[in-house]
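Data first, discussion second: the structure below is written as structure tokens.
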Amino acid sequence: MRWRSLFWDGDALCVLDQTRLPHHAHTLRLADWQSVVQAIRDLRVRGAPAIGAAGAYALALAAREFSADPDRFWPRLREAAAVIRSARPTAVNLSWATDRALRAAEVATDPQQAAVRVLEEAHRIVEEDERTCRALAEAGAREMRDGERVLTLCNTGSLATLGVGTALGIVRVAWELGKRVHVYVCETRPLLQGSRLTAWELLQAGIPFHVVVDSAAGWLMARGLVDRVVVGADRVAANGDVANKIGTYTLAVLARRHDIPFWVAAPLSTVDLDTPAGSAIRVEQRAPEEVTHLGGVPVAPEGTPALNDAFDVAPAELVDALVTEAGLVRPPFGPALRALKQGVPA
Ligand code: MRU
């Protein structure tokens, strides 16, 4: 793999523009914090762990800019943190990483030092995610059998993280371990993260797969073609309810109907103990044009109203296992998640 979802070039944040994939692998250089916020909103950088790291770098760029005016440094930095956090509300990694970076600044003695500390914290978040993905992916891959056919949604690979990925990372590591896997990739309307991004990653890795339309999932299960469903998460509530890309709830219900294991792969940084249950999770609503248009071309009559919830919530009772860097967590999730989170930076 010769690319990364994002990296710091010594002076600015560089992100692989995911809106242009799979046709163009174009790297954007973002030298101010507002451009990073815009790139997060526009899904140029996307996936919970990747937007978390991008948020921390956005704060680092803000701190560098504001340190030129020490008197107004702290109110401006806190305001910027609030804007960054709200760029996408569902993925908890964004507020988790931004808050971590802000706390790193707050122990500094002056704005210059604060700016250095925020940047160092952003680098640490990247390094940690790389290690976390690997541990999580290995834990999941060990449990998979040779020859499994896995159905997945959206993109949860290296594009969505700073490492090997979460749900797709499990598939990739299983493949590296010599297990034969076949992946059914839901195309993931409306923005096609499955057919554009996951297919792009799987082709490069040489892992066999088919892209399927989202509505084919139930029929594939009924035909006996799916051994496991593995998806990622944007936020896991304290009780194990899972917010993830729209369509996740449907897959969870279908998997239960067909007695197929339903796994959610997520680092512990995606577990939010402050959110007791899925009903308290704010689901991001995006522009109706993402539904009524495909690549800018209208696919509905002009004036068509559309609902565009970007995520849904699968209740914990439909989740067979949460795959984390600390291993597989089985129901009941609440006590296990509380215990595991104790060792994770808040
Ligand atoms: O809207 P997106 O593309 O950012 O949605 C991403 C997902 O839903 C992923 O499943 C989730 O962020 C986990 S990525 C490892």
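Just follow the structure's listing: the first ligand is 1, and inside any ligand the first atom is 1. Residues take their numbers from the sequence shown, with the count starting at 1.
- On a distance-only criterion, F311 and ligand 1 share no N/O pair closer than 3.5 Å.
- At a 3.5 angstrom cut-off on N or O pairs, T161 does not count as close to ligand 1.
- Considering backbone and side-chain N/O atoms, N155 never comes within less than 3.5 Å of an N/O atom of ligand 1.
- Distances below 4.0 Å separate heavy atoms of Q193 from the following atoms of ligand 1: 1 (O), 2 (P), 3 (O).
- Under 4.0 Å from ligand 1, heavy atoms of K245 appear from its side chain as well as its backbone.
- Taking a 4.0 Å cut-off on heavy atoms, R88 registers as neighbouring ligand 1.
- Of all protein heavy atoms, the one lying nearest to atom 15 (C) of ligand 1 is T166 OG1, 3.2 Å.
- In this structure, the protein non-hydrogen atom closest to atom 11 (C) of ligand 1 is D234 OD1, 3.2 Å.
- The shortest heavy-atom distance from P49 to ligand 1 is under 4.0 Å.
- Side chains of D234 and T90: no donor on one and acceptor on the other come within 3.5 Å.
- A salt bridge links D320 to R256: at least one charged side-chain nitrogen sits closer than 4.0 Å to a carboxylate oxygen.
- Of the N or O atoms in G47, one or more lie within a sub-3.5 Å distance of an N or O in ligand 1.
- Of all the heavy atoms of C154, the ones lying under 4.0 Å from any atom of ligand 1 belong exclusively to the side chain.
- Defined by atom type and a distance below 3.5 Å, a donor-acceptor pair is present between the side-chain atoms of Q204 and W3.
- Distances from atom 13 (C) of ligand 1 to the heavy atoms of A233, A50, P267 put A233 nearest.
- Classification of D241 and R235 as a salt-bridged pair fails, no side-chain N sitting under 4.0 Å from a carboxylate O.
- Screening E284, R286, E290 against N308 for a side chain to side chain donor-acceptor pair (under 3.5 Å) leaves a single residue, E290.
- Residue R78 qualifies as enclosed at atom CZ: its count of foreign heavy atoms under 6.0 Å is above 12.
- Checked options E325, E128, E176; the residue passing with R134 is E176 (criterion: salt bridge (charged side-chain N to carboxylate O under 4.0 Å, His left out)).
- We find that R64 and D11 are joined by a salt bridge, their nearest charged nitrogen and carboxylate oxygen being less than 4.0 Å apart.
- The aromatic rings of H210 and H182 lie tilted to each other, with the angle between the two planes from 30° to 60°.
- Between L153 and N244 the shortest heavy-atom distance is CD2-ND2, 4.5 Å.
- Residue A48 has at least one heavy-atom neighbour below 4.0 Å for each of these atoms of ligand 1: 12 (O), 14 (S).
- For ligand 1 and A160, the ligand atoms under 4.0 Å from any heavy atom of the residue are 14 (S), 15 (C).
- The shortest N or O to N or O distance between N244 and ligand 1 is under 3.5 Å.
- Scanning the protein heavy atoms around atom 3 (O) of ligand 1, the nearest turns out to be R46 NE, 2.5 Å.
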